[in-house]
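Take a look at the structure below.
Being a predicted model, the structure only gives us computed values, none of them experimental.
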Amino acid sequence: MALDYTDRSDFDNADRGLVGSLDPGQVSNDKGEVIWDNDVFAFLRGDGAETVHPSLWRQSRLTARQGLYEVTEGIYQVRGLDLSNMTLVESDNGVIVIDPLISAETAAAALALYRRHRGGRTVTAVIYTHPHIDHYGGVLGVVGRDTDVPILAPEHFMEHAVSENVYAGTAMLRRGAYYSGGGLDRSPEGTVGMGLGSAASTGTVGLIAPTVEITATGQEETLDGVRIRFQMVPGTEAPAEMHFLFPDHRALCLAENATHNLHNLLTLRGAQVRDARMWSRYLAEAIELFAEETDVAFASHHWPTWGRENIVRFLSEQRDMYGYLHDQTLRLLNQGHTGVEIAEQIRLSPTLEDAWHTRGYYGSISHGVKAIYQRYLGWYDGNPAHLWQHPPAEQAARYVDLLGGVDAVVAKVREYAAAGDLRFAAELGSHAVFAAPDHAEAKETLADVLKRLGYGSENATWRNCFLMGARELREGIFPTPISQGAGLAPAMTITQLFDTVALRIVGPDAWEEQLTINWHFTDSDERYRMELSNGALIHHPTSRDLPADLTLTLASKLDLLKLLAGGNLDGVETSGDPDTWGRLLALTDQADPDFAVVTP
Ligand SMILES: [Zn+2]
C-alpha cells in the first residue's frame, strides 16, 4: 500500500464552509452531567503517537473536527457533536432537520449552534435516513413529542428500528461498548475515535414514529417549499434506508452508504448481515439517477465531496469496493474456501487500496468478508469437525491440559508474542484465561497482547475492542454506559411490546405452565390473545373472543406501557383471575447489561 499523507484534500473538505464551533465543545444533560465532550480529543492535533496507527491517527483527526459547516447555499451540517452529522436544509418558513443525532441534548445543542449563526428558524420537518439510533435518537431535542411537523422515513423504518435495537439490544449495547471504546480514556493509549466519528453521545434517547413513509424511487415530496427526490436503497447499510436529491440545491444526501471509510457489512456490536451486492448496486443507481444534477454529495457521517468529477469517482470507488468484496467472496467460497480463509486472501485493487475513503477504519476487509460468507452460508464452515465443538471454557480446559497447565501456556503466549505472532498469542492466552479465570498472570499476559494488537490496528473499532478487552482483564467488569430501551418503548407497536415480554420468559421454568390472557384496547378496538405453552409466550391480534384465564381491558397502548413499566395491574380493568399476570411475570428474568466478554 502507498498511502499519500501529503494529499490534503480530505482536510480541505472537512474544514470547508466552517461557520462556527461550539466552545467549549461539550454538551451536558439537565443534571449537569457531560454527555458529549469533543474537547477531550484535542490531543489529536499533535502529529501522532507510537501507540496509534498513523493512518488511524489521520482519520481520527478528521473525525474530531467540530462545528457548523455550510455545505452549499441553504444547506448546513453540524459535525462533531455526536457520532453522526445533523444536516439542516433551510425551507420557506424555517429549517428541515435530517438525522437528529443520538441524544436529545446533542441534537438541541446542534440546533442551537445552527440558530446562533443562521437565526431562530423553527423546524418545519424531520427526515430520518435510516433506523439506526445515531440517526433518530435525538429527535426530541429538535421537536416536541406532540409535534405536527412531518417526519419522513423510508418504509419499514419502525419495524427495523425496533428489531435492530431492542430485541437483541442489551447484548448489542454491551458489545457496542467494546467497539466504541466506551470504557476507555480518550488518549493515545485509549480510544482515538470510532473511524466513523469520534464517539457516541450518552444522553437521552427518544423516537417519534414517522408520519410520511417514502416508498418508491422517484417519489418527490415538497417540504415547506423544498423539493426532494428519493431513491429507495433497502438492504444496504440498514434494512430500510434512502438517498435523496435536493434538485434546487444540486445537493445529494447519501444517508450512510458512501462515507470516508470501508463501512461495516456486519458491525462488531452485532446486527444482521448487510447485503454488499445491493449496496454496490444502489450506489451505481445513485450515480445513474443523480450525478448529472449534483454538485455536492454529503452523508450523515464524515465530510462532503464537492464537484461532479470528484463525486462520481468517489461513488464509483465505493461502489466497486462493495461489489468486489461481494463477488470475490462468492467466487472463493464456491471454490471451497471458508470465510476465515477468504478474509486472508482478498486484497483490493491498488487504486482502491490507496484511496483514503476505502480504508477499513470502521468496517474491515477481514470482518466484512466473513460477514458475506455468513450471509450466504452461515456460521458453519462445512467441516464436520467444527459442527459440534466444545464451548470456549470446555475447549480451553482441554487445550491447557494438553499443553501442560496454565503456567506453561502463559510461557508459550509470551513466546509467540515476542516473536510477533500476536494473533496466535491472543488465541492461546484466551484459552489460558477461560481455563483459569483467576490466574492473574494469564490475564495480565493476555491483556498485554490485546493492548499491542490495539496499538497496531488501523481499524478504530478493532483498536477499541482490543483495548477494552485489555481493560476488562486488568480491572474487571465495567458497566455498560448507556441504556436505550426505555426511550424507544413509546414508539413501539403493541406486538413489539409483547415481544419484549416473550423474550424474557425463562423457558424451562415455564415448561409446565399454561395460561391465556386476552387483551382489549378500547381506543382502537384491537384485541390480542396471549398464550403460554411449552415455555413459549405466543401472542397475536385476534378477532375472536375465546375464553381466557384473564382479560385485560386497556384504554390505549399508553396503559400497556405503564403496565409494563410498573409491573402491576393497578387501575387496569380485569376479568377472570388477576393472578394470571403475576404468574406470567414470575416466569421472566432480566437481561444482563454488564455480562463478561473476555472471561468466562
Ligand atoms: Zn450512523
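- Closest of all the heavy-atom pairs between Gly193 and Ala460 is O-CB, 3.7 Å.
- In this structure, the side chains of Leu325 and Ile365 come closer than 4.5 Å at one or more pairs of heavy atoms.
- For the pair Asp448 and Lys451, the salt-bridge criterion is met [side-chain N within less than 4.0 Å of a carboxylate O].
- Shown here is Tyr399, whose OH atom has no more than 12 heavy atoms of other residues, nucleotides or ligands within 6.0 Å.
- Contact annotation: the side chain of Arg359 never approaches that of Leu56 to less than 4.5 Å [non-hydrogen atoms, C-beta and beyond].
- A side-chain donor-acceptor contact under 3.5 Å links Thr217 to the backbone of Met232.
- Checked for salt-bridge contact, Glu288 and Arg319 miss the test: no charged N lies under 4.0 Å from a carboxylate O.
- The residue from Val410, Leu473, Val413 that alone fulfils the side chain to side chain contact (heavy atoms under 4.5 Å, CB included) condition with Val433 is Leu473.
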Exercise for review: Determine, stepwise, if the pair Thr480 / Arg174 fulfils side chain to side chain donor-acceptor pair (under 3.5 Å).
Suggested key: CA-CA 6 Å; Thr480 300; Arg174 183 74 182 135; 3.0 Å; yes

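- Geometrically, Arg8 engages Phe11 in a cation-pi contact defined by less than 6.0 Å to the ring centre and at most 45° from the axis.
- With 3.5 Å as the limit, one finds no donor-acceptor pair spanning the side chains of Ser364 and Asn459.
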Practice item. Please step through side chain to side chain contact (heavy atoms under 4.5 Å, CB included) for the pair Ser430 and Val598, ending with a clear verdict. Key: CA-CA 8 Å; Ser430 184; Val598 283; over 6 Å; no

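- The aromatic rings of His260 and His302 lie perpendicular to each other, with more than 60° between the two planes, well past the 30° mark.
- Surrounding CZ of Arg423 are at most 12 heavy atoms belonging to other residues, nucleotides or ligands under 6.0 Å away.
- Counting all heavy atoms, side chain and backbone alike, Ala408 lies closest to Gly404 at CB-O, 3.7 Å.
- Glu309 CD: 12 or fewer foreign heavy atoms inside a 6.0 Å radius.
- Under 4.0 Å is where a charged nitrogen must lie from a carboxylate oxygen, and between Lys443 and Glu472 no such pair does.
- A cation-pi contact links Arg58 to Trp356, judged by a cut-off of 6.0 Å to the six-membered ring centre and 45° from its axis.
- Between the Asn257 side chain and the Glu237 main chain, a donor and an acceptor come within less than 3.5 Å of each other.
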Practice item. Verify side chain to side chain donor-acceptor pair (under 3.5 Å) between Asp99 and Thr129, making sure each step is shown before the conclusion. Key: CA-CA 7 Å; Asp99 287 357; Thr129 59; 2.7 Å; yes

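- For the pair Gln59 and Trp303, the tightest heavy-atom approach, listed with the atom from each and the gap, is OE1-CH2, 4.0 Å.
- Taking a 6.0 Å sphere around CG of Asp47, one finds it holds 12 or fewer heavy atoms contributed by other residues, nucleotides or ligands.
- Residues Trp57 and Gly46 share a closest heavy-atom pair of NE1-O, 3.0 Å.
- Taking the side chain as every heavy atom from C-beta outward, Phe230 and Pro154 never approach each other to under 4.5 Å.
- Environment of CG in Asn534: sparse, with no more than 12 heavy atoms of neighbouring residues, nucleotides or ligands closer than 6.0 Å.
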Check your understanding: Is there a side chain to side chain contact (heavy atoms under 4.5 Å, CB included) between Leu403 and Lys412 once you walk through the steps?
Key -> CA-CA 9 Å; Leu403 291 165; Lys412 277 288 173 194; 5.7 Å; no

Exercise for review: Check step by step if side chain to side chain contact (heavy atoms under 4.5 Å, CB included) holds for Ile346 and Tyr324.
Suggested key: CA-CA 9 Å; Ile346 289 193; Tyr324 184 87; 4.2 Å; yes

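- Between Tyr136 and Tyr128, the two ring planes are perpendicular [angle over 60°; tilted spans 30° to 60°].
- Residues His263 and Trp279 bring their aromatic ring centres within 6.0 Å.
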Review point. How far apart are the C-alpha atoms of Asp4 and Thr6, what are their side-chain angles, what is the distance that settles it, and do they pass the side chain to side chain donor-acceptor pair (under 3.5 Å) test?
Key: CA-CA 5 Å; Asp4 181 4; Thr6 65; 2.4 Å; yes

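- Looking only at distances, no side-chain donor or acceptor of Arg186 sits under 3.5 Å from a matching main-chain atom of Asn38.
- A donor-acceptor pair under 3.5 Å is formed between the side chain of Arg61 and the backbone N or O of Leu44.
- Tested against His301, the residues Thr259, Thr63, Asp134 include a single side chain to side chain donor-acceptor pair (under 3.5 Å) partner, Asp134.
- The shortest non-hydrogen separation linking Tyr455 to Thr51 is CD2-O, 3.2 Å.
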Practice item. Check step by step if salt bridge (Lys or Arg N to Asp or Glu O under 4.0 Å) holds for Arg375 and Asp275. Key: CA-CA 8 Å; Arg375 183 177 176 92; Asp275 189 344; 3.5 Å; yes

Practice item. Go through the steps to decide whether His357 and Gln318 satisfy the test side chain to side chain donor-acceptor pair (under 3.5 Å), and finish with yes or no. Key: CA-CA 8 Å; His357 68 89; Gln318 289 273 317; 2.9 Å; yes

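- For Arg398 and Glu394, the salt-bridge test passes: some basic side-chain N is under 4.0 Å from an acidic carboxylate O.
- A salt bridge is absent between Arg463 and Glu189: the closest approach of a Lys/Arg side-chain nitrogen to an acidic carboxylate oxygen does not fall below 4.0 angstrom.
- In terms of heavy-atom proximity, Thr329 sits nearest to Ile342 at O-CD1, 3.7 Å.
- Checking side-chain atoms of Ser180 against main-chain N and O of Gly176 turns up a donor-acceptor pair under 3.5 Å.
- A side chain to side chain contact (heavy atoms under 4.5 Å, CB included) with Thr338 is found for exactly one of Leu333, Leu377, Asp381, Asn383, namely Asp381.
- Put simply, the side chain of Thr294 never gets that close to the backbone of Val296: no donor and acceptor are under 3.5 Å apart.
- The backbone N or O of Tyr362 lies less than 3.5 Å from a partner atom in the side chain of Thr461, making a donor-acceptor pair.
- Taking the six-membered ring where the residue is Trp, His132 and His135 present tilted rings, their angle falling between 30° and 60°.
- With Thr445 contributing its side chain and Glu441 its backbone, the two residues share a donor-acceptor pair below 3.5 Å.
- Two residues are said to be in side-chain contact when any heavy atoms from C-beta on lie closer than 4.5 Å; Asn464 and Tyr179 fail this criterion.
- Other residues, nucleotides and ligands contribute more than 12 heavy atoms inside 6.0 Å of the CD atom of Glu317.
- Taking the six-membered ring for Trp and the full ring otherwise, the centers of His326 and Tyr376 sit less than 6.0 Å from each other.
- With Asn85 contributing its side chain and Gln77 its backbone, the two residues share no donor-acceptor pair below 3.5 Å.
- A distance-only check finds a donor-acceptor pair linking the side chain of Tyr5 to the backbone of Ser55 [under 3.5 Å].
- Between Tyr178 and Phe478, the angle of the ring planes lies from 30° to 60°, which puts this pair in the tilted group.
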